[in-house]
Amino acid sequence: MQETAWQVSLVLMSLIAFGVVYVAINSGKREEDYGPLVKSAYGFRTKLFWTVALLFFPAMIYNLVGLPLPYSESRADSKLGPAQVINVIGHMWYWEMDRDEVKVGEPVEIRITSADVNHGFGIYDTNLLLVAQAQAMPHYTNVIYHTFKKEGTYRVLCMEYCGVAHHNMMTEIKVGKS
Ligand code: CUA
């Protein structure tokens, strides 16, 4: 997945680079009559603006209706009893956790901080859907509560760019019966 994303961005970056070089090479040439060209370009620009605006606005609304995430919990609304605690420290570029196994159906209190820069602590289920997240910040501890409803191996990924090996910042939480 990340390999594919990297390859796609490489192709796109190359296309942009080619575009820039093409324009630079051709910018010296002069055309005779600009008038009609300018007119059609402005017309195209107006159409493009409205197309983008009309496409993006519904897309934006569509992307926002799902929020907040249905799995989100707070201390207040989950009526937590004693919780299973995981202490998390983000490092460039790995996660340090004092526990990586929890019980299904019982609340988990996750205390998250960072030893260096800001990281994003994101927990993903087996379908790689985000179930809970918080920032890992130096000199501060963010606390989130989450009750895992299904057993399985959940993945923890870093959600905030934190340097060259950001994409390798992964670990797992095993959710089981005992
Ligand atoms: Cu840590 Cu990105």
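What you see is a predicted model, and the numbers here were worked out from it, not measured in a lab. When a ligand or atom number is given, it counts from 1 through the structure's own listing order.
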Non-neighbouring partners of M159 that pass side chain to side chain contact (heavy atoms under 4.5 Å, CB included), sequence neighbours left out: Y124, L130, Q133
Test: side chain to side chain donor-acceptor pair (under 3.5 Å). Region: residues 152-165. Which pairs qualify, not counting sequence neighbours? Q135-E160
I need the protein N, O or S atoms closer than 2.8 Å to atom 1 (Cu) of ligand 1, given as residue plus atom name. H119 ND1, C158 SG, C162 SG, M169 SD
Members besides V21 in its Ile/Leu/Val/Met/Phe/Trp/Tyr cluster (side-chain heavy atoms under 4.5 Å): I25
Using the rule that two of Ile, Leu, Val, Met, Phe, Trp, Tyr join whenever any of their side-chain heavy atoms come within less than 4.5 Å, decide whether M97 and M137 are in one cluster. no
Note: E109-R111 ion pair, threshold 4.0 Å (strictly below): yes
Where does the angle between the aromatic ring planes of F148 and H146 fall among parallel (under 30°), tilted (30 to 60°) and perpendicular (over 60°)? perpendicular
